[in-house]
Amino acid sequence: MSKHVTKAAVDIVRGLTGSDDGLQSLANYSKILLPSLSRLLAGNKEVAEPAAEALVNLSQNSGLAAKMVDTGMINVAMDVLYKPGSGISPLLVMLLVNLTQLDVGVTSLLQTVDEKMQGLYVMKLVRSFCRSSDEASEDPFEHVGSILVNISKQEAGRKLLLDPKRGLLRQIIRQFDSPSPLRKKGVSGTIRNCCFEAESQLQNLLLISEFLWPALLLPVAGNKIYSEQDRSKMPLELGSALSIEREPVDDPEIRVQALEAIYLITLQEAGLRAFWSVNGPRIIQVGYEDEEDLKVMGAYEQLGALLINSSGTEEPTTETSN
């Protein structure tokens, strides 16, 4: 088939994937269609791009996404993503986001069946996620944050990210400083999911506390500049950030995730002690005073109740302290 005919055919398929009816009719031909589109990903950009767009659209259907995983689409996407000069990186990352919404997709990306290769794909994606944030114009890997959220919903994914020898969570957390709201959300959701392992992995979480506490506490610290007395009881990286005016974290979901993560850590006795050691309860009290979102207030109150029950401390109140 000539290049022009192939391009025309792929453009037609891409057009059909843009509507529910088109997706439904293409689903009947998935046995032929999916491998054909997959093969085109490694070709010239003029054909690879519409093929990738079609696959991204098709993968929003969970039945078709499962078929893609079965036919090795994650391996293909990863191979093409790291092929020199690949011009369709953002689309391949989006394809991986959709495929890892399925458990089988996460298992495939984690490479759990191959002990020697296990975690290699995730390590590559984390490295790209952390490097590409420096690129000013476009950010082809910013959606990797969503992949990390997806894999951290599974215990095997959380254990991989928390493995201190690999140091993946330490690298991921540092991306919380990114100006990209998508990156922030990805990092915050990943941290929260990893905190579900706090009972068995608390030590590994606290090993990265110099990055963990700022990522969890700064979004929920409110807008005030903290007093010298409050800051004197905090580690330097927290105290110095709270001594100046800050950009608020506008997304309430990030604030809820941060509070839920702190809650999961402080359910453990050693986690609670670590939280007190950074003057965490004071930050929660001040942050609660500034909060207006009801769902976020509920998360503050859940944490406040735990702190009272654990230590007999005062619960955050809505009255502003002087």
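- The other residues sharing a hydrophobic cluster with M117 are L120, where clustering joins ILVMFWY side chains under 4.5 Å apart.
- Note that CD of E210 is 11.0 Å distant from CG of L236, once rounded to the nearest 0.5 Å.
- Listed by chain and residue number, V80, K83 satisfy the side chain to side chain contact (heavy atoms under 4.5 Å, CB included) test with A42 (two or more places apart in sequence, or in another chain).
- Remark: the backbone N or O of G105 is not paired with any side-chain donor or acceptor of S108 at under 3.5 angstrom.
- Interatomic distance, CD of E260 versus CZ of R192, reported as 4.5 Å (0.5 Å rounding).
- The side-chain heavy atoms of M73 and S38, taken from C-beta on, include a pair separated by under 4.5 Å.
- The shortest side-chain heavy-atom distance between L259 and Q302 does not fall under the 4.5 Å cut-off.
- The two atoms that bring A270 and L206 nearest to each other are O-CD1, 4.2 Å, heavy atoms only.
- Tracing side-chain contacts under 4.5 Å through hydrophobic residues (I, L, V, M, F, W, Y), one never reaches L205 starting from L207; they form parts of separate clusters.
- For L40 against A51, the heavy-atom pair with the smallest separation is CB-CB, 3.9 Å.
- To the nearest 0.5 Å, the span separating OG1 on T100 from CG on L95 amounts to 9.5 Å.
- Taking CG of N223 as the reference point, atom CG of D290 lies at 5.0 Å (rounded to 0.5 Å).
- With hydrophobic clusters built from ILVMFWY side chains whose heavy atoms lie under 4.5 angstrom apart, L55 shares a cluster with L81.
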Practice problem: Report the C-alpha separation of L92 and S86 in whole Å, then their side-chain angles, then the decisive distance to 0.1 Å, and conclude whether the side-chain contact (heavy atoms from CB on, under 4.5 Å) test is met. | Solution: CA-CA 10 Å; L92 293 171; S86 169; 4.1 Å; yes
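- Residues L148 and I151 form a side-chain contact, since some pair of their non-hydrogen atoms from C-beta on lies under 4.5 Å apart.
- Remark: the backbone N or O of G63 is paired with a side-chain donor or acceptor of N61 at under 3.5 angstrom.
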List the atom pairs, donor and acceptor, that lie under 3.5 Å between side-chain atoms in residues 160-174 and the rest of the protein, sequence neighbours left out.
from : atom 1 : to   : atom 2 : distance (Å)
D163 : OD1    : K165 : N      : 2.9
R166 : NH2    : Q118 : O      : 3.3
Q171 : NE2    : G167 : O      : 3.3

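- Considering only heavy atoms from C-beta on, M234 stays 4.5 Å or farther from L217 through its side chain.
- Judged purely by atom type and a 3.5 angstrom limit, Y226 uses its side chain to pair as donor or acceptor with the backbone of A221.
- Counting only distance, with no hydrogens or angles, the side chain of R158 and the backbone of C195 share no donor-acceptor pair below 3.5 Å.
- Scanning all heavy atoms of the two residues, the minimum distance from A65 to S59 falls at CB-O, 3.5 Å.
- Scanning both residues, I284 and V220, for their nearest heavy atoms gives CD1-CG2, 4.0 Å.
- When every heavy atom of S89 is checked against every heavy atom of P140, the shortest pair comes out as CB-CB, 4.0 Å.
- Under a cut-off of 6.0 angstrom, the local environment of CD1 in I244 is crowded, with over 12 non-hydrogen atoms contributed by other residues, nucleotides or ligands.
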Quiz prompt | H143/L96 under side-chain contact (heavy atoms from CB on, under 4.5 Å): CA gap, chis, key distance, verdict | solution = CA-CA 9 Å; H143 283 279; L96 291 169; over 6 Å; no
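- You'll find the side chain of N98 reaches within 4.5 Å of the side chain of V56, heavy atoms only.
- W276 has its side chain out of reach of T266: every pair of non-hydrogen atoms, C-beta onward, lies at least 4.5 Å apart.
- Heavy-atom minimum distance, L109 versus Y121: O-CB, 3.5 Å.
- Between the side chain of T107 and the backbone N or O of D103, at least one donor-acceptor pair lies under 3.5 Å.
- Taking a 6.0 Å sphere around CD of E199, one finds it holds 12 or fewer heavy atoms contributed by other residues, nucleotides or ligands.
- Expressed to the nearest 0.5 Å, how far CG of L272 lies from CD1 of I265 amounts to 11.0 Å.
- V149 and F176 fall into different hydrophobic clusters, where Ile, Leu, Val, Met, Phe, Trp and Tyr residues are linked whenever their side-chain heavy atoms come under 4.5 Å apart, directly or through other members.
- For the pair K224/E289, a side-chain contact is recorded, criterion being any heavy-atom separation below 4.5 Å from C-beta on.
- Residues Y82 and F129 share a hydrophobic cluster, clusters being chains of Ile/Leu/Val/Met/Phe/Trp/Tyr side chains in contact below 4.5 Å.
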Exercise. Output, in order, the C-alpha distance, side-chain angles, deciding distance and verdict of side-chain contact (heavy atoms from CB on, under 4.5 Å) for K67 and K31.
Key: CA-CA 9 Å; K67 285 180 183 175; K31 273 191 178 173; over 6 Å; no
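- The side chain to side chain donor-acceptor pair (under 3.5 Å) search around Q101 returns none, not counting sequence neighbours.
- Salt bridge absent: K184 and D251 never bring a charged side-chain N and a carboxylate O closer than 4.0 Å.
- Here the side chains of L238 and N279 are not in contact, with every heavy-atom distance at 4.5 Å or above.
- Checked by atom type and distance alone, the side chain of N150 pairs as donor or acceptor with a backbone atom of V97 at under 3.5 Å.
- Taken from OG1 in T190 to CD in Q257, the straight-line distance is 8.5 Å, to the nearest 0.5 Å.
- In this structure, the side chain to side chain contact (heavy atoms under 4.5 Å, CB included) partners of S227, at least two apart in sequence or on a different chain, are Q229, D230.
- The pair K185-E253 meets the salt-bridge criterion, since a charged nitrogen lies less than 4.0 angstrom from a carboxylate oxygen.
- For residues 201-220, every residue pair satisfying the ring-ring contact (aromatic ring centres under 6.0 Å, His included) rule, not counting sequence neighbours, is listed here: W213-F275.
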